[in-house]
Number of protein chains: 4
Amino acid sequence: MSIINDRRIKEECGIVGVIACEEKPIAQEIYYGIFALQHRGQESAGIAVSYDGNKVAYYKNMGLVNEVFNEQTLQLLPDSKTGIGHVRYSTTGSSNVTNAQPIVFYGHYDRMAIAHNGNIANAGAIRRMLISKGHIFQTSIDSELIASMININLNGASPVEEGVYKACCQLRGAYSLVLIANKQLIAVRDKHGFRPLILGKKDGKYIVASESCALDAIDADIVRDIEPGEILVINDDLTMHSIFLPEAEKRLCIFEYVYIARSDSIIDGRGVYDARYECGKALAREIKIDADIVAGVPDSATVCAKGYSDFSGIPMVDALSRNRYIGRTFIQPSQSMREVSVKVKLNAFRTNIEGKKLILVDDSIVRGTTSRKVVDLLKRNGAKEVHMVVGSPPIKYPCFYGVDMQTREQFISYNRTNEEIRAEIRADSLYYTSIENLKKACCSKNQKNGFCTACLTGEYPEPVENEFGKLLFE
Amino acid sequence: MSIINDRRIKEECGIVGVIACEEKPIAQEIYYGIFALQHRGQESAGIAVSYDGNKVAYYKNMGLVNEVFNEQTLQLLPDSKTGIGHVRYSTTGSSNVTNAQPIVFYGHYDRMAIAHNGNIANAGAIRRMLISKGHIFQTSIDSELIASMININLNGASPVEEGVYKACCQLRGAYSLVLIANKQLIAVRDKHGFRPLILGKKDGKYIVASESCALDAIDADIVRDIEPGEILVINDDLTMHSIFLPEAEKRLCIFEYVYIARSDSIIDGRGVYDARYECGKALAREIKIDADIVAGVPDSATVCAKGYSDFSGIPMVDALSRNRYIGRTFIQPSQSMREVSVKVKLNAFRTNIEGKKLILVDDSIVRGTTSRKVVDLLKRNGAKEVHMVVGSPPIKYPCFYGVDMQTREQFISYNRTNEEIRAEIRADSLYYTSIENLKKACCSKNQKNGFCTACLTGEYPEPVENEFGKLLFE
Amino acid sequence: MSIINDRRIKEECGIVGVIACEEKPIAQEIYYGIFALQHRGQESAGIAVSYDGNKVAYYKNMGLVNEVFNEQTLQLLPDSKTGIGHVRYSTTGSSNVTNAQPIVFYGHYDRMAIAHNGNIANAGAIRRMLISKGHIFQTSIDSELIASMININLNGASPVEEGVYKACCQLRGAYSLVLIANKQLIAVRDKHGFRPLILGKKDGKYIVASESCALDAIDADIVRDIEPGEILVINDDLTMHSIFLPEAEKRLCIFEYVYIARSDSIIDGRGVYDARYECGKALAREIKIDADIVAGVPDSATVCAKGYSDFSGIPMVDALSRNRYIGRTFIQPSQSMREVSVKVKLNAFRTNIEGKKLILVDDSIVRGTTSRKVVDLLKRNGAKEVHMVVGSPPIKYPCFYGVDMQTREQFISYNRTNEEIRAEIRADSLYYTSIENLKKACCSKNQKNGFCTACLTGEYPEPVENEFGKLLFE
Amino acid sequence: MSIINDRRIKEECGIVGVIACEEKPIAQEIYYGIFALQHRGQESAGIAVSYDGNKVAYYKNMGLVNEVFNEQTLQLLPDSKTGIGHVRYSTTGSSNVTNAQPIVFYGHYDRMAIAHNGNIANAGAIRRMLISKGHIFQTSIDSELIASMININLNGASPVEEGVYKACCQLRGAYSLVLIANKQLIAVRDKHGFRPLILGKKDGKYIVASESCALDAIDADIVRDIEPGEILVINDDLTMHSIFLPEAEKRLCIFEYVYIARSDSIIDGRGVYDARYECGKALAREIKIDADIVAGVPDSATVCAKGYSDFSGIPMVDALSRNRYIGRTFIQPSQSMREVSVKVKLNAFRTNIEGKKLILVDDSIVRGTTSRKVVDLLKRNGAKEVHMVVGSPPIKYPCFYGVDMQTREQFISYNRTNEEIRAEIRADSLYYTSIENLKKACCSKNQKNGFCTACLTGEYPEPVENEFGKLLFE
C-alpha cells in the first residue's frame, strides 16, 4: 500500500507500555515510542501514567503525536513507574476526542488505563449483553468494552490477570493490549496473535510495543515477542510471569508485512524489510516481463521493487517522487481540480522513464483509482509500457480484525477478472503475488505462526457473525 | 454573595431540556437557555440533541457558553425534537473536559444523554457498589453515576421512567435532572426539591430549566415548577405524565434566593428579587443603625440594600463600582500586587460616601477576606463609618447538596463570635439576618416547600455519611 | 447608551503608559490598567514593553484583555522601565490582528511603540501624501500613520518631542497618545482635548491612562489631567517636562460623560458619575411627568435615572435585569429567533412594574430599534405607560473624532420630529436632555474646557473634508 | 543535506504567483503550489489574492501549509485574477507571525503584496538610509524593505516595473520576487540569479514558482526559467513583457542542486535528480573504495548514492530507515535521553549491513555531530567499516544569499583537516566531491549560468559588508 492510497486502508492503532523499577520520566519514552508508531495511526494520540499509587494522569487529543504533545502537555504527566501510550488511525466524521485512547477508568483497582490495537469481532454481542445488564458505554470503541469486561471479571481481591484472562475468554477477534492497574503493567495478545506485540528492555525498565521500531526509538533491546494467547504481567520490581489463553491457531495478519508495519521492524522473528524484499524476488522468479526498468511506488513498495530488480537483473530506477509533507490533513481539491491530486502527492522523473518499458511495483491495490492515475502519470511522462506488479494477492474480503478495509463492493478485485482489473487501471499487464509466495516471503526461519489471509481467501479464523459488518463500518 | 467573593461559593450547575413536536433548531434555544443560566456555572458548557431516532449529537467544552459555542460549533448540532444543555461551575485543578456535561451514553435505549444539577450525597457508596459489580467509571462526576443507575434499573422493554424511579429511590442528596431517551424528555427533581426546576411552554415545544430566567430568554411561558419528587415524562407529541417519588419534606436550598439564582427568576412561586428585597426590609425593621446612607455590594446585594433603604428611609447611594468584565479567568497578581486586586474588581465613588456613615449590605460572608478589603476601600475613600449588614445568617456548616462551600475551618463564622468577626473585617458594626426572617422573606404566598438551611444550622435533611466530606472535596 | 445597543456606538480605544525608575514587572500593571479600560474597546488588546535599551517585546491579539493575556503570554514580557498598553473596539469584518495595537516599529530611536485613542480627521490626505513620497502602510489604522509622521519629523539627533510636536501640527482630529522611545514615555493629547488622558503616580512610577479608573485599578494616585495640546515627556529618572501645541478651543467629547467613560472615572476634574446624576436631576427639573416609578436601562443609565428619581421624588425601581455575561461575541439568532434577542440580554421585573406608569431613562438613542424592543418588553410585563427620558440630546451628525457612529441615515433622529421618534419606539412620551443642561451637568467647578457636541449640532471644531466619511466608514 | 541535520541548514523561502485571465479560485492553486514547496520553508505560510480592483485579501500564519490552511481559512480568499503565496523557513525564538509573508501593503497602486525568497545583502544600509528619511519598519524581514524600496521608486503615473527596476538597482544580494500590483503579476530574479524562479502555464493562467515541482503539482506546463536580472510583467489579459537589470555574472546557488530543491524539480534547465545522480557517478569515478555495499542517508542523499553504486558496480542497499513523521516541531529529549535522538529519526537495517564494509553517501556535512551519530549507529548494527562519501565539498564560509548557515566556527570544516574531520565523525575514511566535479554535475547542456560557491570558496560574487553577519544572524 503506497502513499497514494494510504487513506484507503488503515491499521487501527499502535500501543506502547512502560514499567520502571522507580519513578522516572517514562512519559518521555512513551512519547518517542508512539512517535515511532505514528504510521499505525494518525488520528489521535494519548499517554496515561500512574502516580501516587493508583491515580492516573493522562493527556490525549486529536492530532499527530507531535501536535498533541509539546513541552507543556508532556509536563502534565508526572514521573511514574507505569504508563501506556496509544496512536489511533484517522477517519473522517465520527472521529472525536472521546474515542481517543488510552481509556482511563475507575474500577476494582481504583484508576486503571488500557490501550488497544485491533478489533473485537463479537463487540456487538458483548455490548448488547453488557447493556442488558445495565452497563453504559460512553464511546463507540472496543477498548471501553474491553475495560468493562476486565473489570466485570475482577473482584477486589483477585489478581488483575484473572480478570483479564476471563475477559479474554469471551472476546473474539484481534486485540493486542497494554493495561496499567495495581502498579502492574499487563500486556496481552489475542490467542491468534492477529496483531504484533513485542517486549523490550532498557536499564531498569521493560517496554512493550506494537513494533520493534518503537523499542529502537528509545534505545531498548528486544527481549522477545509476546506470544499469541499470552497474558504477561510485569511488576514494578521488574519481576514478571505469564499465563496463557487456551491454545489456538496462530494467525498473524499478513498485511503487517505487506504494508502496515514499518520496514525496520521485526515481527515474530521476521524482518519486515526482508519479507518485502523476498516477496519482490519471488515475483521476479515467477513473472518474466520484457521490460527496461523496475520502479516501486514510494515509499512502501520500493523494497519489493528492489527485490524484483535484484533477482531479475532489470535495473531499478526512481520513477516517482513523493511529497513528504503529505499528512493527516489535506484539503481535497474542488471538482475542477480533482485531477490534480495525484501530482500533488506524486511526481514523475521523466528523464528516468522516457521511452522505457517500465515494471511498476506496488504493494497492494484496493480500489484501483489511484493505480490508474499513477499509470497515466507515468505514460504522460514518456513511459512506453507500464507493467503493474503487485506485492500481494487481490483483496476480496473485508477485514474484521483491525484493518479498516472497505466493503467488498469497493475492492477493485471484487467480481472482476485479472484482465478486467488491468483494463481498469490501464496498465499493459498486471501480476499479483500468489498467497503461497507471500506466505513464504513472510516466514521466519523457525516459523511458529501461521497467517491470517482472510481478506484474500475469505477463510476467517473465527466464525463471522452477521452483525460484524454493520458494527465495523457504522 | 457579591462579585468580590464569587470564586468562593459556587453553585454546581444549570440545566435546560427542550422537546418539540417536530424537528426544529432547538440547539439554538438550548444555547440561549444555558446562556441565561451562565451565572450557575462558568467552567464548561455543553448541548446534546437527538437525531435519527436514538442517535445523539453533542458538543461540550471548557469555557463560557459564548466561548464554547459559535456559529461553527452550534451548526454541528442538527435540527432535533429533543435536546438538553448544561453549564458547569468553575474550579481549579481538576476541571477538564472529561467532566463536562451532558453525559452522552449508550444504554437500553441506544444513545441517551443526561444533565445534572446538584450533588449525590451517597455517591461514594454507590460508586463502590457499582464497581464491585464490575461497572467502570470514566469521570469523577455524579452524573455518570446517575446515568449508570438509571440504565441498571431499566430493561429493554420497560418505560424510561421506571428506571429513573428505581434509580432515584437509591440516590440521596440533591439532583435536578434532564434526560433524553427513547424520544422522550424526562425531567426529575429530587424528593426534597433541593434545586429548582421549572417547566415552560412555547409554540410546539416544552422547555425545562433550572430557573425561569432561561424560559424568559427564549420567550417561553412559565407553566409550573417541577414538584419535588416529580418525574415528568414528555413525549414528542407533547403529551406528558408524571410519577412521584415517595413523599418527603420539601427543602429548597435557601441560598438559591440569597445569591445563587438570578434576581429575575421566580422559584417555586417566589420571585428571587422580591425575596431579596423583603429580606432587606426585614433587616431594616429589626436593625436600627444611625447612618447617613445605605449601599449594596454590587451586583447581587443591591436589591437587599434597596429593601433596607426603602424601609428605613435612609437614602441609598452607589458606593462601589464593579468592573463588569471580571469573569472566569483572571490572572492573579503576583505577591507585590496582591493588595491591588480588590480595586481591579471594585472601585469606590468617593463623592457619594465621603464623610458619611455608611450601611454596607452584602448578601453573605463566607471567608471574610474580601469583606475586610471592601470595608478598607470604603474607609480610604472617606466613609466615616461602615456598618456591615448581611442578607443571610452566618454560614457554619459545609453543604453536601451542590454548593461548593469550603470546609468548616474556612468559614469566618466558624468558632468566632459576632464581635470577633466584626473585628476581623474591621467594620464598625455587623448584623446578620435571622434564619426566621430569611425564611419569611423567601416564602411564596402559598408556600408548600420548606427550606434547606443545613449550612446555617447543621441540621441536614438526610443523614450525612462520613465519606461525604472526602468525596465532595476530593 | 445602555447595554442593549452597545454594539451600535463604540469608543475607539483605551490606552495606558507606564514608566518606572528601575526595571520592574510593569507589564502586570499595564495589564490591570487596560483591564480597567476594557469598556473602551473589546476587540483586541496588546502590551509593549522596552528592554535592553531600545528593544521592544510585545504581545497583542484579538479578544478581551483576559482572553489575550494569561500567565503564559504575560510572562513573554520582561521586566521593564517603560511600557504601553491598548484596548481596541470591536467591529465585524475588517477586524484582524494586524490592526491591533500598540504599533511597534523600527525608527530613528531603534524600536519604538505607540498606542492611540481617537481618530485622525485628515488621515486620508496624510496617507496619500506619505504614499506619494514612497512610504508604505501595512494597516488601515491611524496609529501607523501617526508613527510614520513622528518618525519623519525626527532625525537621529533631535529629541523625540520635536518629532512629536511637528507631527501633531500636521494632524487634525482626535488623538490621545502614549509612546515609548529613547527610554522615555511620551504622552500626548490633541489640542482640542477630544479624548481624556490623565497622569497618575505610584511608588517609583508614573502612569498615564485614558481614564482615572485605570489608575485606581493599580492603586496609583491621580496627579493631574494631561492638558489639551500637551506633549508630556517623562524620563526614566522620573523627571518630566512638557511642551505645548498652539492653543485651541478645548473640546472634550461630551459623550465621554454620557456613556463612554466608566462611571467611577474623573475626567478633566469632573466625576462621570456626578455628571450623569446631575443630568438626571436637570431632566427632572424641566420635565414633569405623571408617573409612578422611574427606572434606568442598565447599566449605564441607572445613575441618570437615580438623579431623576431623587429630584422628582418619584421612586426608583429595578425594571430591567441585565445578563452580565453578554460580551464581545454572541451568536446572532437566526431569523426565526430574532425577536428573542432583547430578552436574552434584558429581562423585566414584572412585580416591580405591573400596572405602573413608568419613566424609563436611557442615556442615548442611536438607531432606536432596541428602544422599541425595550418599551415593548416593559408593556408586555404590565407597565401601564412608558415615558422615555433620554440623558442626552438627539444624535444627528456623524462623529469624526473617534466614536464609531453610523452614517446620518442610520440615526433615528435624522429627519424625524420628536413625535415621529416617539411613535417609532412606541413610547407614551419622549423627552431629551437639552444641550445646555447636558453641558452644565458635565462642567467641573473650575471648568476650563468646552465640549465637542458636533454629533448633536453639526458644528465641528475643525473643517471636515469630504473624504472623511469615506475613510471613517470604509 | 539529509534529514538528520535538516535543522542546521535552511533555505529561506518558497514563492508562487498566479495570474488568470478571469476571476478564478486561484487561491487553491497557490495552495497546492506552496504545498509542493513546503521543503523550502516550514515556519509559516501565507496567500494573498487581489479582488475588487486593487484590494487584497490574505491569510498567513505560523505552521505548515496544511496547518495554516484548511477549508475555512482557504475560503476567506475570494476568486481572483492575481495572487501570490509564500512558505518561510523555521527558526526558533524570533519567529512570529509578524514576519510571515506575503507582505501586504498600501502603496502607489493602493493595495499591493509581495513575497520574497533570498536575502538582501545590503539590507542594513538600506534600512538605515530609509529610517533616516523617516520611513518606519514593522518587521525585521527584508521583504518589507523591498516593498518600501519599490514604492519609493514608483510614482502614481509610472508603470510598476519602473519602480521595481529602480529598487532592484539599489538592492544587493539574492532575491526572487513575486509581486501583485495594478492588476499585474510581476516576477523578479536578481541579476546573479542566486535563487531559482520558473514560469509555467495552464489553461488561461500563468504561474511563477520557485521550483518546477510546484508547476507540476498544479498540472501547469513549464514555459521557461525567469532569467537572472529579468523583471517579467504579466497583465491580466495574459500579455507579458520583460525588462532586464544591468547584466551580471550568473551565480545560481549550487546548493539548490545539492540539497535545497526537490529532486523532481528542473532548475535552469538542469534536473535536480540528474545533477545529484551525476555527482554520485563522478564520486565513484574518482574515489575507489574497497567496500561491499553503498547506502545513502535518506532522503536527500539516496540519489547521489545510486549514482555512486551504478558507476562503481558496488551494490546499493537500504542501510537506514527514516521516520517520515519527523517534522517541524519535535520535543527535544531531556539530557538523559539525548543520545536517543538519532534513532527516533533514523534506524538501521541490520540484516542489510551486518559484517559489511559500507560506503555511506551524504549530500553535505555542516556541523558533523549527526554524521558521527549515524556512523556510530551503523557500526553498532554490525557494519564492519563505514566510509563517508559526501556529495559536495567542505562548507567553510557563511552564506549571505538566503541560506541560513551558521557562523564559520560552527562548520566542522572550519580550520580542520580532512583527517581531523574523519576522526571527529569516526568514519573509516572520508571523501568530498571536488568543486569542479560538483559544477560539472550541475551543468545543463546549454549551460548559461555559473554558480555561487561562496560557502565553499569564500569568493562572494559581490563585496560583503561587515554588517552582513550581524544582520543575518541577529
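Residue numbers begin at 1 in each chain, while the letters A, B, ... track the order of the sequences. Quantities reported herein were computed from a predicted structural model and do not represent experimental measurements. What you see below is based on every heavy atom in this structure, not just the backbone, and it leaves out hydrogens, waters and symmetry mates.
- Under the 4.5 Å side-chain criterion, counting only non-hydrogen atoms from C-beta, A/His135 is not in contact with B/Asn151.
- Using a 4.5 Å heavy-atom threshold, the side chains of A/Glu144 and B/Gln138 count as touching.
- Neither the backbone nor the side chain of A/Ile150 comes within contact range of chain B; no heavy atoms are under 4.5 Å apart.
- Screening A/Leu130, A/Ile131, A/Ile136 for a side chain to side chain contact (heavy atoms under 4.5 Å, CB included) with B/Tyr106, the sole residue that qualifies is A/Ile131.
- When the candidates A/Ile103, A/Leu154, A/Thr139, A/Asn153 are compared by the number of heavy-atom contacts under 4.5 Å with chain B, A/Thr139 comes out ahead.
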